[in-house]
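The structure under discussion appears below in the form of structure tokens.
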There are 2 protein chains.
Amino acid sequence: MTLTELRYIVAVARERHFGHAAEACFVSQPTLSVAVKKLEDELGITLFERNSGDITVTPIGQRIVEQAQRVLEETAVIKQIAAHGKDQLASPVRLGVIFTIGPYLLPDLIPALRNVAPQMPLLIEENYTSRLAELLKQGDIDLAILALPFDEPGIVVEPLYDEPFRVIMPLGHPWEKQQQIEPELLVDENVLLLCTGNCFRDQVLQVCPALNRSAFSSDGHHSTLEGSSLTTIRYMVASGSGVSVVPATSVEGKWADERLLVTRPFSEPSPTRQVVLAWRKSYPRPAVIEAVRDAFAQLDLPSITAI
Amino acid sequence: MTLTELRYIVAVARERHFGHAAEACFVSQPTLSVAVKKLEDELGITLFERNSGDITVTPIGQRIVEQAQRVLEETAVIKQIAAHGKDQLASPVRLGVIFTIGPYLLPDLIPALRNVAPQMPLLIEENYTSRLAELLKQGDIDLAILALPFDEPGIVVEPLYDEPFRVIMPLGHPWEKQQQIEPELLVDENVLLLCTGNCFRDQVLQVCPALNRSAFSSDGHHSTLEGSSLTTIRYMVASGSGVSVVPATSVEGKWADERLLVTRPFSEPSPTRQVVLAWRKSYPRPAVIEAVRDAFAQLDLPSITAI
DNA sequence: TCTTGTTGATAGGAATTGGCTATCGTCAAA
DNA sequence: TTTGACGATAGCCAATTCCTATCAACAAGA
């Protein structure tokens with residue numbers, strides 16, 4: 001049984017005439033005759049009564065023709081779904097963002113995306129890099145915004161921007177008078193870090209490996225404390241628990257709060273992390289990637305270096 | 001788009017593995033790969049994300065696969081209808097019978113048919129021969145039981161039985177003492193006939209053309225009257241309006257009523273009419289014809305000559 | 001870093017199918 | 001008896017479908 005055969009019998013039932021039905025199907029009459037006979041043989045029943053000069057549909061043929069019509073309608077729905085769904089920006093996109101970027105980037109990124117692709121529903125997942133990598137590979141999210149280093153098989157990354165690190169300290173801290181902070185100074189300070197598992201912690205430690213040692217030192221003087229989120233760190237720093245190193249976007253622009261904190265850049269060359277967009281090599285909707293790129297192009301975030 | 005392709009994508013979506021899906025479809029993996037790609041190209045969308053080692057269905061692919069499944073289910077219904085409808089004795093048969101046979105034959109024929117083909121719904125149409133011929137040719141009925149002469153293009157007839165004519169007369173009629181009636185005697189009697197249009201009227205006139213003449217004679221003595229049905233004729237005869245010629249089955253067996261009428265056969269060779277089964281040459285259910293034959297073979301009607 | 005195994009894609013050729021033209025057979029109407 | 005209409009059949013060609021063999025990509029393990 002083929003869809004073509006079904007189309008043929010529907011046409012014959014409608015036209016009650018093999019010749020006209022063939023014409024309606026844009027095939028020759030023998031083609032249609034043979035196809036109908038083939039289907040009749042396959043089903044083992046006679047669909048049409050060929051009277052000289054008059055075709056009638058048998059009762060069982062009538063039911064089968066009606067069912068064939070239903071089949072054809074359902075296949076039309078497939079084409080319809082396909083035609084409508086051809087717009088890659090029409091179906092949902094699941095976007096993962098790491099914790100240390102999401103809260104500061106998304107309020108700007110989401111409107112920009114709505115601007116670029118108004119019809120595209122967005123599902124956001126905030127999580128750690130490692131978890132996002134998992135979700136990405138399993139196909140549970142489609143895109144991820146995260147920071148290097150990131151290297152997973154089957155995943156392609158594309159740089160979005162470079163984000164410098166900033167030092168934050170409580171109001172009245174001795175470094176307040178310096179316009180730039182030397183990284184080495186941190187070793188002698190009480191530096192608050194994010195908990196283990198957060199990529200930003202690793203990035204900071206990579207910039208200043210000495211902090212790792214001091215965290216385990218037991219002299220009680222140069223110890224580091226840990227916070228569970230950047231917001232927590234901010235409040236811990238503001239309350240005088242120490243200083244910290246945070247991504248620039250989390251303490252500048254609309255997130256700056258001079259009444260609580262003092263923010264200073266590192267001396268040049270400032271340590272930075274590179275924020276990238278990641279997706280499965282096999283992700284079949286390049287238009288979505290393009291839309292995200294366009295959305296980023298629209299953004300005008302302070303303190304970041306577009307790439 | 002072909003049903004095979006739809007089967008393939010459903011299998012791939014189910015197995016999430018081209019190789020396994022191909023196995024499930026009893027084709028080689030390349031065959032399936034090519035077919036899926038062909039469908040994707042035709043629809044213009046990517047149905048599956050081919051990640052090394054893991055196949056995922058795209059959101060739009062998911063919807064299309066579900067729709068494809070619906071299509072396949074509907075085609076399965078076609079096969080189901082066909083398989084169930086293969087039994088030619090399962091779907092309704094429309095049977096036409098002429099007025100002068102129906103009332104006397106059907107009470108016996110229908111149970112016999114139910115015996116031969118218990119599952120076969122019967123739709124009965126009682127009418128004149130000419131109307132039955134129309135219905136038969138138009139396909140509004142499938143079979144007809146009627147009397148010769150009957151010759152219509154595209155219609156095949158098969159003898160069922162010969163039915164002798166009988167003379168009926170009121171109780172106490174002079175002919176009551178005769179065991180057989182000579183046809184010539186009718187000319188001098190008041191003979192009741194069925195109305196014009198009824199085939200039995202023509203059959204009687206064919207046996208005794210003289211009646212036709214006398215019907216239009218104006219001497220008032222040898223006139224014929226007309227009744228609208230055999231039952232009417234019976235009561236008209238019983239009430240003394242005259243004599244009549246009727247089919248044997250309508251006045252013998254369970255239809256005999258010696259308290260009202262006297263029934264006599266004609267002298268040999270008795271005039272008869274041949275009752276036949278008629279159907280379109282193209283009627284595609286020989287088993288139905290066979291069932292009707294079998295049902296007649298079961299009948300044991302008095303006064304008829306099986307053929 | 002190199003090999004290896006797995007998996008889907010591709011190439012090329014054989015078999016099948018679907019379509020065409022030409023012609024036939026049937027049948028009813030003239 | 002002839003004719004015209006219509007569906008069936010025959011024979012051929014092209015397109016499709018399916019196969020085997022092979023390739024390419026890639027992740028995992030040595």
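Below, chain A is the first sequence line, B the second, and so on; all start at residue 1.
Each ring pair (Phe, Tyr, Trp, His ring centres under 6.0 Å) pair with one or both residues in residues 10-30 of chain A, not counting sequence neighbours, appears once here: A:His17-A:His20.
A:Ile55 places its CD1 atom 13 Å from the C1' atom of C:dC27, with the value rounded to the nearest Å. Summarising the geometry, the separation between CZ on B:Arg280 and P on C:dC27 is reported as 15 Å, rounded to the nearest angstrom. C:dT6 atom C1' lies 15 Å from atom CD of B:Glu23, rounded to whole Å. We find that CZ of B:Arg7 is positioned 12 Å from P of D:dT17, with the value rounded to whole Å. What separates CD of B:Glu49 from P of C:dT7 is a distance of 18 Å, to the nearest Å.
A search for side-chain contact (heavy atoms from CB on, under 4.5 Å) contacts involving A:Ala287 returns A:Gln88, A:Leu89, not counting sequence neighbours. Residues meeting the salt bridge (Lys or Arg N to Asp or Glu O under 4.0 Å) test with B:Glu74, sequence neighbours left out: none. By the side-chain contact (heavy atoms from CB on, under 4.5 Å) test, A:Pro59 pairs with B:Arg285, sequence neighbours left out. Applying the side-chain contact (heavy atoms from CB on, under 4.5 Å) test to B:Ala68 and every residue at least two apart in sequence or in another chain returns A:Ile78, B:Leu6, B:Ile9, B:Val10. For B:Ala21, the side-chain contact (heavy atoms from CB on, under 4.5 Å) partners at least two apart in sequence or on another chain are B:Ala11, B:Val12, B:Glu15, B:Leu32. Residues satisfying the salt bridge (Lys or Arg N to Asp or Glu O under 4.0 Å) test with B:Glu125, not counting sequence neighbours, are none.
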A correct 5'-to-3' footprint of nucleotides 9-22 of chain C, with B, S and - meaning base, sugar-phosphate only and no protein heavy atom under 4.0 Å, is BB-------SSBBB

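Taking a cutoff of 4.0 Å between a charged side-chain nitrogen and a carboxylate oxygen, A:Glu290 and A:Arg293 qualify as a salt bridge.
Phosphate proximity of C:dG8 to B:His17: present, with a side-chain N or O under 4.0 Å from OP1 or OP2.
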List, with names and distances, any nitrogen or oxygen atoms from the protein found under 3.5 Å away from nitrogen or oxygen atoms belonging to nucleotides 28-30 of chain C.
{"residue": "C:dA28", "atom": "OP1", "partner": "B:Gly154", "partner atom": "N", "Å": "2.5"}

